[in-house]
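My questions all concern the structure below.
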Amino acid sequence: MTEEIISGSNVISLLLLAQEEALSLIKDTSKSVEELKLLLMGSKSDLARLTKQISRVPKEERQQVGVIVSQVKQSIEQGLEARAASHPGQKTKNTTFLDITMPGERPPNGNLHLVTQAIMEITRIFERIGFTRVRHPEVDWDWYPFESLNMPTNHPARDEWETFFLEYPGKPGKDPHKQKMVLTPHTSNGQVREMEKGELPIRMINIAKCYRRQIDVSHTPMFHQFEGLYVDRNVSIGNLKGVFDHFVKQFFGASRVTRLRPFHFQFTEPSFEVDINCGICLGTSKLEDGSTCKLCKAGWLELGGAGMVHPVVLRNGGIDPDVYSGFAFGWGIERTSMMKSGTKLDDIRLLYSNDVRFLQQF
Ligand code: FA5
């Protein structure tokens, strides 16, 4: 009977957990060093059990798991040695002994979150081609993420954004654009806000948190998007495609491919959705063990939307659509980061499990 394949990152997480438990047990002075050695490194220990799992890990991940096994083993051995040195001759149980000359414990190093790493990299890539990172509100008037983008009140297109509405503290004033507040469901709220600055050409990259009433393997209620907006004279779809190609090559590497699918957004015309071949199953939709890829299912994963800025939106931002044109795109940062080769994450919710051992793997 063939053994079931298990993921290397799972075994690594369990090893790190076993290490943490072992190091805390070593501090338990009611157990002798010999007893601890048997418990933590003997044939029935968690370490021995997890070491046996290496044969079930996919071949390409085995080396990485092997390195972690040696590190964990070494750190338990060092812990036991330090304990033996600090309690020489300890024979009896329940002896409490405080050695104030022992070196203190170094607090674990923090890790930059994958999303933070992606934000830094995305910013660098766009800055190199003349875009400037800007910030626009994440709690905004309904006008900016909806009405200014050609989605009047009660327009059915709004349903797709599954928005969280907020009570405005106090009474809204008379300004018709400042009546209702939302947790912005997309970074496109920055489009008209950027145009209102009155400076042309615009080459912005707006990176912010977004909020929607959604949760499953590829959706979280809070996520990040980066929004590109380029407005100038004679901007064309060719420019849009060129910027995508540049980004994809820089961020994912030359071997990954994207495709544009015709789509509909109220605020761009024409509109597209941008897909990338899945980084988990490499576009085949099948995994090594023959099962179907859980994340993408058909080999492609949607990264975001794009299109040429709609004339109504330009007008709402005070720009003459007969003179100027522009393109815009908005991509999810979590999904973009998950699609990077080597990340191998198949559930977006893992990113927000808030466990430093998860983050230490990247
Ligand atoms: C938009 O949000 C448009 N504003 C994109 C756009 C900008 C189109 C500019 C045209 C011009 P969409 O709803 O498809 O489109 O979301 C874009 C991307 O955000 C998705 O492809 C996905 O990568 C990410 N995303 C959306 N919802 C979630 C969610 N709940 N969790 C994680 N990522 C999400």
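All figures in this text were calculated on a predicted structure; none of them were measured in a lab. Order of listing sets the numbers, starting from 1, for every ligand and every atom in it. Side chains included, hydrogens not; waters and symmetry mates left out as well; all remaining heavy atoms used.
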Taking only heavy atoms of the protein into account, state which residues are under 4.0 angstrom from an atom of ligand 1, in chain and number order.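 Residues near ligand 1: Trp161, His186, Ser188, Gln191, Arg212, Gln214, Ser218, His219, Thr220, Phe223, Gln225, Glu227, Phe265, Phe267, Thr268, Glu273, Glu302, Leu303, Gly304, Gly305, Ala306, Ala328, Phe329, Gly330, Gly332, Arg335, Ile348.
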
In terms of the angle between their ring planes, are Phe327 and Phe131 parallel, tilted or perpendicular, with boundaries placed at 30° and 60°?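 Phe327 vs Phe131 ring planes: tilted.
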
Check: Tyr211 ring centre within less than 6.0 Å of Phe164 ring centre: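 Distance test on ring centres: not under 6.0 Å, no.
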
Quick one: sort the Phe226 and Phe247 rings into parallel, tilted or perpendicular, breaks at 30° and 60°.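 The rings of Phe226 and Phe247 sit tilted, inter-plane angle from 30° to 60°.
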
Please report, to 0.1 Å, the donor-acceptor pairs under 3.5 Å made by any side chain of residues 178-188, with sequence neighbours excluded.
| unit_1 | atom_1 | unit_2 | atom_2 | d |
| --- | --- | --- | --- | --- |
| Gln179 | NE2 | Gly173 | O | 2.8 |
| Gln179 | NE2 | Asp175 | O | 2.8 |
| Thr184 | OG1 | His186 | O | 2.9 |
| His186 | ND1 | Trp161 | NE1 | 3.2 |
| His186 | ND1 | Ser188 | OG | 3.4 |
| His186 | NE2 | Pro145 | O | 3.0 |
| Thr187 | OG1 | Gln225 | OE1 | 3.1 |
| Thr187 | OG1 | Glu227 | OE1 | 2.9 |
| Ser188 | OG | Glu227 | OE1 | 3.2 |
| Ser188 | OG | Glu227 | OE2 | 2.8 |

Looking at Asp142 and Arg158, does any basic side-chain N land under 4.0 Å from a carboxylate oxygen?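 The answer is yes: the pair qualifies as a salt bridge.
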
Could you check Arg335 against His219 for side chain to side chain donor-acceptor pair (under 3.5 Å), going step by step and ending with a plain yes or no? CA-CA 9 Å; Arg335 286 204 211 159; His219 296 86; 3.3 Å; yes

